[in-house]
Number of protein chains: 2
Amino acid sequence: MQNKTYHHGDLRNALILEAIVMLHEKGIGGLSLRELARRLGVGHNAPYRHFKNKQQLLEAVAATGFRRLKAHNIRLELELADDPESQLFESGVAILNMAMEQPELFRLMFGGYLSLGKCGPELKEEAHASIESLVKIISLAQQQDIFARGDVMRQTLAAMSMVQGLAMMASSGMLRDNVTGDEQQFKRLALQVYDILLMGLKKR
Amino acid sequence: MQNKTYHHGDLRNALILEAIVMLHEKGIGGLSLRELARRLGVGHNAPYRHFKNKQQLLEAVAATGFRRLKAHNIRLELELADDPESQLFESGVAILNMAMEQPELFRLMFGGYLSLGKCGPELKEEAHASIESLVKIISLAQQQDIFARGDVMRQTLAAMSMVQGLAMMASSGMLRDNVTGDEQQFKRLALQVYDILLMGLKKR
DNA sequence: ACCTGAACACCGTTCAAGT
DNA sequence: ACCTGAACACCGTTCAAGT
C-alpha cells in the first residue's frame, strides 16, 4: 500500500500471478506479454521493466511453481517426520495433483521449456532445492534400511523419472483416452504405479 | 519423378522432413510455417494445401517420430525374439537415445504439445500402437514368469512413465548440470535406473 | 496442386519522449 | 517505475485471382 509509486506498485508479482492464470486458460502457446499487460491495465512494454524478455518471465513463473511444491513438501516433512517411504509417496502425489489441476504450469516446469543450463539463478536454485529434498528423503530411507543401500543419486533419479513421467502422461491426457475412461480409476492406477517404484527401491 | 505436377510433387513429405530439421535447429518455438515454406521454395500458404493449420503439421511430424520408434522396435523384436526383458530394456534405450540426439522432436512427441484427445486419427493410431507394443512385451514377460503376474496395464504404465520421465530429464538438460558433469557418466547412470524399474517389475 | 500478392490481427522487442 | 505511441520484423491464417 505504501509503495504504489505510480500506478501499480507491485507489477512484478502481479505479472507472475496473472501469467499463471493465463497459462491455465490458454496454455503456454497462448500466453503473450502483450495480453498480460492488457489484463493488468499497464502499457505493453511495462513488463520489460521487470523481465529482460518473455523467457525470463516464464522462468520466474516456473520458479514460483517450484516454490509452491517446496512449501507443500516442508509441510509433509513435519507431518511424516520419520517415515521417508510415505514422504516419497506423498510428494509424488503432490506432483501428480499439480499435473492434473494445473497441467500447463506443470508442463512449463517439467516439459523442457527451460534449458536449465541457460536459465537464471533463481530458477536454478529452486529446481536444485527440489532435487535436494528428494535426496534427503532417500538417504533417510537407506539409513533406516527401508531402501536398498547404494548410490543415492541413482535412486533419486529413478524416483524423479517415474513421478515426472507419470505426471506428464496424466497432464497430456495420454491416459484418459488410451488406457482408461474414468479419471478416478486412473488415479487408483497411478497410485499402484508408485508401488512398483517402491518395490524397485526397497530392500529385498 | 512422375508426379511433379507443378513445382514440387511431394510437398507434404518434404514439409514433414524439413520440419524435423528445423525443429532440431530452432526448437519447437522457432518453427514457423512461413520459414518452412521459404526453405522449400514454395509460397507461404502452400502448406495449407496439405495441413489445415500448424497444429496438424506438428501432429504429422510427431506421428513420423512414432513411426521411427516403431520401426526400431520391430527390428528389436526379431533380434530378441523370446527375451522380453531385453526387449523392454532396449526399447527404453532407443527412447533415451532419441531424447538426447533429437531432443526437440522428442519433446514434441512426449511433452504434451498434442492433447491426444483432440488430435487426428493418424497420430492417435501411432501413439496407440506404441503402447500396444509395450503391452505385448510385458504380457510375454509375465507369461514367462519373469515379471510378477498382475495387471498388465499397471506395469506398462510404470515402464512408460519411468522411461519417458528419464528421457525428458535427459533432453532438457536437467541432469548434466545438477547431477553429473559427464555425458558418458550420465548414460551409465541411466542404465542403472532401468535396473531399478526392472527390479520393481520382476518376480521376487 | 501449386503460384503471387494483398490483407488482417496478432506477436516480441526496442525506441523516444513524457510524468 | 511507469506512461503513450510509434516502429520493426515476424507470425498464422484467409482471401482473390492466376497456371
Side-chain angles (χ1 to χ4, degrees), chain A residues 1-62 104 108 113-115 118-120, chain B residues 1-62 104 108 113-115 118-120:
Chain A
M1 210 62 94
Q2 45 171 5
N3 204 15
K4 203 169 263 186
T5 51
Y6 205 66
H7 252 160
H8 208 285
D10 191 15
L11 185 56
R12 199 192 128 94
N13 275 317
L15 281 167
I16 292 174
L17 292 182
E18 188 64 33
I20 292 178
V21 172
M22 197 171 163
L23 211 53
H24 190 259
E25 289 173 13
K26 309 207 172 191
I28 298 179
L31 190 154
S32 86
L33 289 184
R34 286 179 104 111
E35 185 174 342
L36 215 50
R38 247 177 274 132
R39 288 182 180 215
L40 296 176
V42 300
H44 66 267
N45 39 20
Y48 287 86
R49 295 288 130 192
H50 298 279
F51 303 102
K52 209 187 95 219
N53 50 33
K54 189 179 180 180
Q55 190 67 22
Q56 276 208 358
L57 169 66
L58 292 180
E59 287 183 14
V61 170
E104 295 294 329
L108 175 63
Y113 288 86
L114 295 37
S115 46
K118 291 171 288 181
C119 76
Chain B
M1 212 61 94
Q2 45 173 4
N3 204 16
K4 203 168 265 188
T5 50
Y6 204 66
H7 253 161
H8 208 284
D10 191 14
L11 185 57
R12 199 192 130 94
N13 275 317
L15 281 167
I16 292 174
L17 292 182
E18 189 63 33
I20 292 178
V21 173
M22 197 172 163
L23 211 53
H24 190 258
E25 290 173 12
K26 309 208 173 190
I28 298 179
L31 191 154
S32 85
L33 288 185
R34 286 180 105 112
E35 184 175 342
L36 216 49
R38 247 177 275 132
R39 288 183 179 212
L40 295 176
V42 301
H44 67 266
N45 41 18
Y48 287 86
R49 296 288 129 193
H50 297 279
F51 302 101
K52 208 186 95 220
N53 50 32
K54 190 179 179 179
Q55 190 68 19
Q56 276 208 358
L57 168 66
L58 291 180
E59 287 182 15
V61 170
E104 295 294 330
L108 175 63
Y113 290 86
L114 296 38
S115 48
K118 293 172 285 181
C119 77

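The model shown is predicted, which means the values in this text are computed figures rather than measured ones. Excluded from the calculations below are hydrogen atoms, water molecules and symmetry mates; all remaining heavy atoms, backbone and side chain alike, are included. Proteins come first, then strands; the chains are lettered A, B, ... in the order of their sequence lines, and each starts at number 1.
- Listed here is the closest heavy atom pair of B:Leu11 and B:Ala46: CD2-CB, 3.9 Å.
- Here B:Gln56 pairs with nothing under the side chain to side chain donor-acceptor pair (under 3.5 Å) rule; sequence neighbours left out.
- Annotation: C:dA17 and D:dC2 have their P atoms spaced 22 Å apart (nearest Å).
- Listed by chain and number, the residues in a salt bridge (charged side-chain N to carboxylate O under 4.0 Å, His left out) with A:Glu18 are A:Arg39 (sequence neighbours excluded).
- Among residues two or more places apart in sequence or in another chain, the side chain to side chain donor-acceptor pair (under 3.5 Å) test is passed with A:Tyr113 by A:Arg107, B:Tyr113.
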Original post:
What is the per-nucleotide protein-contact pattern of nucleotides 7-17 of chain C, from the 5' end, where B denotes a base atom under 4.0 Å from a protein heavy atom, S denotes such proximity for sugar-phosphate atoms only, and - denotes neither?
Top reply: B---SBBBB--
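- Of the possible polar contacts, one joining the A:Lys54 side chain to the A:Leu31 backbone as a donor-acceptor pair under 3.5 Å is found.
- Between A:Phe51 and A:Leu15 the shortest side-chain heavy-atom distance falls below 4.5 Å.
- Residues B:Ile20 and B:Glu104 fail the side-chain proximity criterion, which asks for heavy atoms closer than 4.5 Å.
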Original post:
Would you write out the dot-bracket form of DNA chain D, 5' to 3', with Watson-Crick and G-U pairs under 3.5 Å, [ ] for crossing pairs, | for pairs to other strands and . for unpaired bases?
Top reply: ||.|||||...|||||.||
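- Between C:dC11 and D:dC8, the distance separating the two C1' atoms is 12 Å to the nearest Å.
- C:dC3 and D:dA16 have their C1' atoms separated by 13 Å, with the value rounded to a whole Å.
- Judged as a side-chain contact (heavy atoms from CB on, under 4.5 Å), and not counting sequence neighbours, the contacts of B:His44 are B:Arg34.
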